[in-house]
Amino acid sequence: MRKVWGLLVVAMAVLLLGTGLAFAEAPYHIGIVTGTVSQSEDDLRGAERLIEEYGDVANGGIIQHITYPDNFMQEMETTISQIAGLSDDPLMKAIIVNQAIPGTTEAFRRVKERRPDILCFAGEAHEDPGVIESVADLAINVHNIYRGYLIPLAAKKMGATDFVHISFPRHMSYELLSRRRNIMEAACNDIGLKFHFETAPDPVSDVGVAGAQQFILEKVPAWLEKYGPNTAFFCTNDAHTEPLIRQIVAHGGYFVEADLPSPLMGYPGALGIDLSAEKGDFQAITKKIEEVIIEKGASGRLGTWVYSYGYTTTAGLGELAIRILNGKAEISLEDLVACYEKFTPGATWNCGYYMDLNTGIEKTNHMLVYQDTYVFGKGFLEMTKVEVPEKYLTIK
C-alpha cells in the first residue's frame with residue numbers, strides 16, 4: 001500500500017509539473033516590474049518569457065511580475081511603494097524595473113536601506129545617469145552615442161547619399177538626443193553623406209499626434225524631391241515613425257531603424273499588417289513584414305532590430321540576475337551580451353560603458369546596448385562588428 005501511495009504522489013507531481021502548475025521549491029525570487037500591455041507591451045512580454053522558463057512565484061517558481069500604473073508620473077508614490085514592496089519577500093534577491101521610469105531611484109534606495117543584498121537593475125533608465133547610478137547595481141540604456149555614428153554608416157551601406165534628421169525643439173533639449181544628432185552630422189561629413197536637419201511638429205503640441213503625422217505624410221515626398229531619391233530619414237519620435245515608413249515604401253528613400261527599434265515600431269500600421277497571430281514571435285513578425293515590403297518593391301530600403309529592445313531588456317536582465325545568483329556570471333559587458341543573445345537567436349548585440357563627459361570616467365554600473373541592424377530583403381548589416389572611432393564619443 002505504501003508503495004502504491006508513493007507512486008501516486010510521484011504521478012501527481014509529474015502531472016502538475018507537466019501543466020506548469022508546480023515547480024521545485026525556488027531557492028530565491030526575482031521581482032520584475034514593467035508597464036502594462038497598453039503602455040509597454042514588449043517590456044511585459046519579456047517578463048512572460050521569463051515566467052515561461054522559470055515559473056512564477058505563485059506556483060513555486062522564481063519570477064514575481066508586477067506592473068506599475070499607466071499614469072506613473074501622477075502616481076509616483078504608488079509606483080515607488082510597489083517596487084520597494086517586493087523587498088518584503090524574504091526570498092527576494094533581485095529586482096528589475098524596465099522601463100526604469102522616474103521614481104525608480106527612490107524605490108531602489110528604499111530597497112537597499114532594508115535589504116542591501118538585493119540586486120537592483122534598471123532597464124532603459126529615464127532618470128539622469130548620475131542619479132540612477134548612485135543606487136542601481138546596473139543601469140541600461142540604448143547606445144545612442146554609438147548609434148549616432150552607426151545609423152548614418154548603415155544608411156550609406158544601404159545606398160543613401162543624403163541623411164535627413166527629423167525632430168523638434170523639445171527633443172533637442174534632451175542631452176543624449178542632441179548629442180546623437182551632433183554625432184550624426186559629424187559622421188555624415190566624415191563618411192561622405194550630406195546631412196540635413198528638418199523640424200516637424202511635436203505630437204504633444206496643439207496639433208496633436210494626428211497633425212504631426214499628417215505633416216510627415218505631406219513632407220516626405222517634398223523632401224525626396226528636394227534632397228533626391230537616395231535620401232535616408234531618421235526621426236526621434238515614435239508618432240512620426242509610421243507615416244515616415246509609409247511614405248518611404250510608397251515614394252522611395254531609406255529608413256535604417258526607429259529611435260527605439262522594433263519590428264512592431266511603425267511597420268504594422270504603415271503596411272496594414274495584422275500580427276496578432278505572431279504575437280511574441282519576433283522572427284515570424286519580421287518574416288511577415290519582410291514579405292509585404294518585398295511585395296511592395298521596397299526591398300533593401302528599410303531596416304529594424306529583429307527583436308524588440310524592450311522585450312530583450314526585460315528578459316536579458318532577468319537572466320543576468322539568475323546567472324549571477326547561481327554563481328555563473330557577474331556584472332560585465334560580456335555576460336550582459338550573452339544574456340541578451342539568449343533571447344535573440346540569429347541577432348547579435350554589442351555594448352559599452354556610459355562615460356560621464358564632465359569627468360571622462362566610465363561608469364561600470366551603467367551599460368549602453370545596441371543590436372545589429374536588419375534590412376528587409378537584404379539581411380543583417382553586421383553593425384555590431386563595426387569599431388566606432390573614439391572621436392565621436394566626446395562630441396557634445
Side-chain angles (χ1 to χ4, degrees), residues 97-106 108-109 120-155 163 165-191 193 195-197 199 202 234-237 256-261 309 313 317 331-334 336-337 340 349-371 373 383-396:
V97 182
N98 184 39
Q99 298 175 26
I101 53 174
T104 300
T105 297
E106 176 57 27
F108 282 177
R109 185 168 287 116
C120 292
F121 291 172
E124 191 51 30
H126 288 211
E127 295 168 300
D128 288 342
V131 174
I132 191 66
E133 290 164 2
S134 69
V135 67
D137 294 287
L138 177 62
I140 298 293
N141 284 98
V142 69
H143 207 323
N144 280 322
I145 306 303
Y146 275 22
R147 292 175 75 220
Y149 173 76
L150 294 171
I151 291 173
L153 185 62
F163 188 90
H165 182 290
I166 306 165
S167 193
F168 40 82
R170 179 172 63 87
H171 269 189
M172 289 297 92
S173 71
Y174 298 167
E175 180 189 347
L176 207 55
L177 298 189
S178 65
R179 279 184 68 191
R180 182 179 62 189
R181 178 247 182 250
N182 294 337
I183 295 168
M184 284 179 166
E185 183 172 11
C188 284
N189 292 334
D190 290 343
I191 65 176
L193 289 181
F195 180 86
H196 313 282
F197 182 81
T199 301
D202 187 339
F234 176 82
C235 61
T236 64
N237 187 264
V256 177
E257 61 195 33
D259 182 57
L260 290 179
Y309 167 63
T313 295
L317 289 181
I331 296 175
S332 69
L333 298 174
E334 295 77 15
L336 179 70
V337 166
Y340 269 54
W349 291 79
N350 203 343
C351 65
Y353 294 119
Y354 174 83
M355 185 179 72
D356 187 322
L357 272 182
N358 296 318
T359 63
I361 297 173
E362 286 186 333
K363 301 301 183 73
T364 56
N365 70 329
H366 194 169
M367 299 178 188
L368 308 177
V369 302
Y370 60 101
Q371 187 185 144
T373 301
M383 302 310 295
T384 50
K385 295 181 180 179
V386 174
E387 187 171 339
V388 178
E390 287 189 16
K391 61 176 281 188
Y392 298 108
L393 308 185
T394 56
I395 292 176
K396 294 186 178 180

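What you see is a predicted model; the values in this text were computed from it and never measured.
Side chains of Y370 and P261 form no contact here, defined as non-hydrogen atoms less than 4.5 Å apart. Looking at heavy atoms from C-beta onward, F121 lies in side-chain contact with D137 at the 4.5 angstrom threshold. The closest side-chain heavy-atom distance from N144 to L368 is not below 4.5 Å. For the pair T236/H165, a side-chain contact is recorded, criterion being any heavy-atom separation below 4.5 Å from C-beta on. By the 4.5 Å heavy-atom criterion applied to side chains, H126 and T104 are not counted as neighbours. The closest side-chain heavy-atom distance from V369 to I140 is below 4.5 Å. Inter-residue side-chain proximity for Y149 and I395 is flagged as unmet; no heavy-atom pair is nearer than 4.5 Å. Side-chain contact between T105 and S134: present, with at least one pair of heavy atoms (C-beta onward) separated by less than 4.5 Å.
R179 and N182 form no side-chain donor-acceptor contact under 3.5 Å, judged by distance and modelled atom types alone.
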**Request:** List the steps, then state whether side-chain hydrogen bond (donor to acceptor under 3.5 Å, both in side chains) holds for D190 with Y392.
**Result:** CA-CA 11 Å; D190 290 343; Y392 298 108; 2.5 Å; yes
**Request:** Dump the intermediate steps for side-chain contact (heavy atoms from CB on, under 4.5 Å) on R181 and F195, then the final yes or no.
**Result:** CA-CA 10 Å; R181 178 247 182 250; F195 180 86; 3.7 Å; yes
**V386 vs Y146, side-chain contact (heavy atoms from CB on, under 4.5 Å): CA-CA, chis, key distance, verdict** = CA-CA 10 Å; V386 174; Y146 275 22; over 6 Å; no
**Request:** Start with the C-alpha gap between M172 and L177, add the side-chain angles, then the distance that decides, and say whether side-chain contact (heavy atoms from CB on, under 4.5 Å) holds.
**Result:** CA-CA 6 Å; M172 289 297 92; L177 298 189; 4.1 Å; yes
**Request:** Take D259 and R180 through the test side-chain contact (heavy atoms from CB on, under 4.5 Å) and record every step on the way to the result.
**Result:** CA-CA 11 Å; D259 182 57; R180 182 179 62 189; 2.6 Å; yes
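Not one N or O on the side chain of Y340 forms a donor-acceptor pair closer than 3.5 Å with the backbone of W349. Under the 3.5 Å distance criterion, the side-chain polar atoms of D128 are left unmatched by any main-chain donor or acceptor of G130. In this structure, N237 contributes its side chain and D202 its backbone to no donor-acceptor pair below 3.5 Å.
Residue E124 forms a side chain to side chain donor-acceptor pair (under 3.5 Å) with just one option from T313, N98, N141, and that option is N141. In summary, of the residues considered (M367, H366, E133), a side-chain contact (heavy atoms from CB on, under 4.5 Å) with L138 occurs for M367 alone.
Under the 30°/60° scheme for interplanar angles, the aromatic rings of F163 and F234 are found to lie parallel. Under the 30°/60° scheme for interplanar angles, the aromatic rings of H171 and Y174 are found to be tilted.
To the nearest 0.5 Å, atoms CG (D356) and CD (E362) are separated by 11.5 Å.
When all heavy atoms are compared, the tightest approach of C351 to L336 is SG-CD2, 4.3 Å.
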